[in-house]
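Being a predicted model, the structure only gives us computed values, none of them experimental. The sequence lines fix the lettering, A, B, ..., with proteins before strands; numbering per chain opens at 1.
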Amino acid sequence: MARERTIMNVLNYALLIAGSFVMLGPLAWTVSTSLKLQQHVFDIPPKWIPDPLTWANYIDVWTKAPLLHGFMNSGIIVVTVLSVGLFVSAMAAYAFSKFEFPFKNAIFMSLLGTMMIPYSVVMIPQYIGFSELGWVDTLLPLIVPGLFGNIVTIFFFRQFMQGSIPSDLIDAAKIDGAGYFRTFVTVALPIAKPAIAAQAALGFMGIWNDFLGPLIYLHTPEKQTIQVLIASMQSNYISTSNYPSMMAASLIALLPVLIVFFFAQRYFIESMAISGIKG
Amino acid sequence: MKRNKTTGYRRKEIAWSLLFVTPPVLGFLIFGLAPLLTSLGLSFTSWDMLTPATFVGTENFKKMLQDEKFYKSIYNTFYLLIGIPIGMVISLLLAIMMNRPLKGISVFRTIYYIPVISPIIAVSLLWQWMLNYDYGLINEFIWTIFGVQGPNWLGDPNWVKPSFVMMGLWSGIGGTMVLYLAGLQGISSVYYEAAQVDGANRWHQFRHIVLPLLTPIHFFVIVMGVIGTFQSFSQMYIMATDGGPEYSGATIVFYIFQEAFKYFSMGYASAVAWVLGVIIFIITLIQFRFSRRWVYQD
């Protein structure tokens, strides 16, 4: 019995390690390619360790494409949408989870209904509307809709607040003379912190990696997000099949997400699991 | 007097609650409902955003039925759905392997999750390189192991979609695996103990305890997978220039994008978008209807 278990464990490890190679191989290959000279990229058999090793490709893409602008534009969208959007979503979730008011369920259900509408259906009228406002080629069409909160986030916060904010605590704050808004800020928000952190992590990933929206609206290179810049790398900044530069650019776009992921890993995986089970 | 005061307070509370839910409601009206209806209206017009829109009746829908690209993009999108069951099987196996008290499991979980968080643009670029016909790592690998030349992945109409499925598996199974892992950890040990008393072997336990108790997760993964697949666009934009060879890599969203933002046929693109919306709606509805028959509820 014990021996059978050991064999199973070894087999388990072996399979998981083999799988890890499949998962990390492409990324390692990207790193390796990005550190090679163009003339060594097509060497057969392929070499995993670049010889000579060069950082020139990173400098090359950084100077040729306005990547710093890209980072800043993506950063502006992420920060404004998350700071306002998460706060607004928490407000709505607080009302939905802790209070009774007319048409509560009807409102909540119609908001949930928006999840069913594919972006491609609303994309064209939104584009027409924003272009009439003269907002094309600005970050506004990517920021403003996010400021009104997000139904997935509201749903997540609502589940969390229902379970973890005791109504007694709200009543106590009421008796102490705290108003509705103050109770929300001083009682509800601090308790909801873990949920907010989880949604911030997921939201960052979603907004940072977004592509179709920014692609439609942003045309001037200095105004584009990092994803749009990277996607137009081949056609605008480097020669085709310049794989070392392309891989360097991809890694530059990947790095911030990886850093955030390693610091906030717990939140990513937990919120993914929670939204899956409760959703 | 006292009653008046409570109702006054209650009224205030209602007012504040309504105020708190106002922003998302406004957002829903401005960025959801209004565009949805506008889009329906647009689908009966012909409009290039320069000259005034003209009403064309059902012309756009007739045009769609005669456009080979439309059929191809629908077929391609449905084809990509085969990635969902394959991904579920692999993810579930991985989750079962990780759901054991072994050291270093969290390291594996992180490794498998990295592709999930990676930007799709970066992932598409790296797979484009991996799938290169002459020098890509995958064909090198096939040559080394099997001694044959691998397929022209992104250049051959027959291999473009399998390429997308393969890339989708690589970047998606980590997410599904985490869901299954959470589901497995939620299964009470009481079930296993009872099964052991009854003499059930591993396979019986899997077949009659694990699989049924995981049905809510199967359901979630399928519903979200279908919706996600029907909205896939970015990888096609990067890896299949102009829809790829013989339009074999174009999805419906890619087709809509081209019609709207390359040819500026806003009316026609809206009509196609509505067809896509209706397809997603019907499929999701069917899934929910059938879910009562097979999804376990406690």
With only heavy atoms counted, which part of [X] is less than 4.5 Å from chain A, the side chain, the backbone, both or neither?
X        : value
B:Tyr237 : side chain
B:Phe281 : both
B:Met130 : side chain
B:Phe233 : side chain
B:Ile105 : side chain
B:Met97  : both
B:Lys103 : both
B:Ile111 : both

[X], part contacting chain B, at a heavy-atom distance under 4.5 Å:
X        : result
A:Ile151 : neither
A:Phe130 : side chain
A:Tyr243 : side chain

Hey, is the main chain of [Y] close enough, under 3.5 Å, to the side chain of [X] for a donor-acceptor pair?
X        : Y        : value
B:Thr110 : B:Ser106 : yes
A:Lys47  : A:Val41  : no
B:Thr77  : B:Ile252 : yes
A:Gln227 : A:Phe211 : no
B:Thr251 : B:Ser232 : yes

More than 12 heavy atoms from other groups under 6.0 Å of CZ on B:Phe264: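 Yes - once you tally the heavy atoms of other residues, nucleotides and ligands closer than 6.0 Å, there are more than 12.
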
CZ/A:Arg182: more than 12 non-hydrogen atoms of other groups inside 6.0 Å: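 No - once you tally the heavy atoms of other residues, nucleotides and ligands closer than 6.0 Å, there are 12 at most.
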
So which of [options] has the biggest tally of heavy-atom pairs under 4.5 Å with chain B?
options                               : value
A:Trp208, A:Phe261, A:Phe181, A:Tyr94 : A:Phe261
A:Lys174, A:Met8, A:Gln265            : A:Lys174
A:Asp43, A:Thr30, A:Val121            : A:Val121
A:Gln234, A:Met116, A:Met123          : A:Met116
A:Phe108, A:Phe96, A:Tyr127           : A:Tyr127
A:Ala95, A:Gly149, A:Pro145, A:Pro102 : A:Pro145

Donor-acceptor pairs are to be reported for all side-chain atoms of residues 136-143 of chain B against protein atoms at under 3.5 Å, with residues two or more places apart or in another chain.
unit_1	atom_1	unit_2	atom_2	d
B:Asn139	OD1	B:Trp153	NE1	2.9
B:Asn139	ND2	B:Tyr133	O	2.9
B:Asn139	ND2	B:Pro151	O	3.1

Counting heavy-atom pairs under 4.5 Å to chain A, which of [options] comes out on top?
options                             : value
B:Phe257, B:Trp129, B:Phe108        : B:Trp129
B:Thr284, B:Asn132, B:Val21         : B:Val21
B:Ala15, B:Gly186, B:Pro23, B:Ala34 : B:Pro23
B:Gly27, B:Ser17, B:Ala273          : B:Ser17
B:Pro115, B:Ala122, B:Pro119        : B:Pro119
B:Ile117, B:Leu125, B:Leu126        : B:Ile117

Electrostatic pair A:Asp171:A:Lys98 at N-O distance under 4.0 angstrom: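 No, no charged N to carboxylate O under 4.0 Å.
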
side-chain hydrogen bond (donor to acceptor under 3.5 Å, both in side chains) contacts touching residues 99-126 of chain A (sequence neighbours left out):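 Counting only pairs at least two positions apart or across chains, the side-chain hydrogen bond (donor to acceptor under 3.5 Å, both in side chains) contacts touching residues 99-126 of chain A are A:Glu100-A:Lys104.
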
For the student: nearest non-hydrogen atoms of B:Pro216 and B:Tyr296, plus distance: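 Taking every non-hydrogen atom into account, CG-O, 3.5 Å.
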
A:Phe87 ring center near A:Phe184 ring center (under 6.0 Å):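 Centroid separation for A:Phe87 and A:Phe184: below 6.0 Å.
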
Aromatic A:Phe99 / basic B:Arg10 pairing, under 6.0 angstrom, 45° off normal: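 No, B:Arg10 and A:Phe99 do not form such a contact.
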
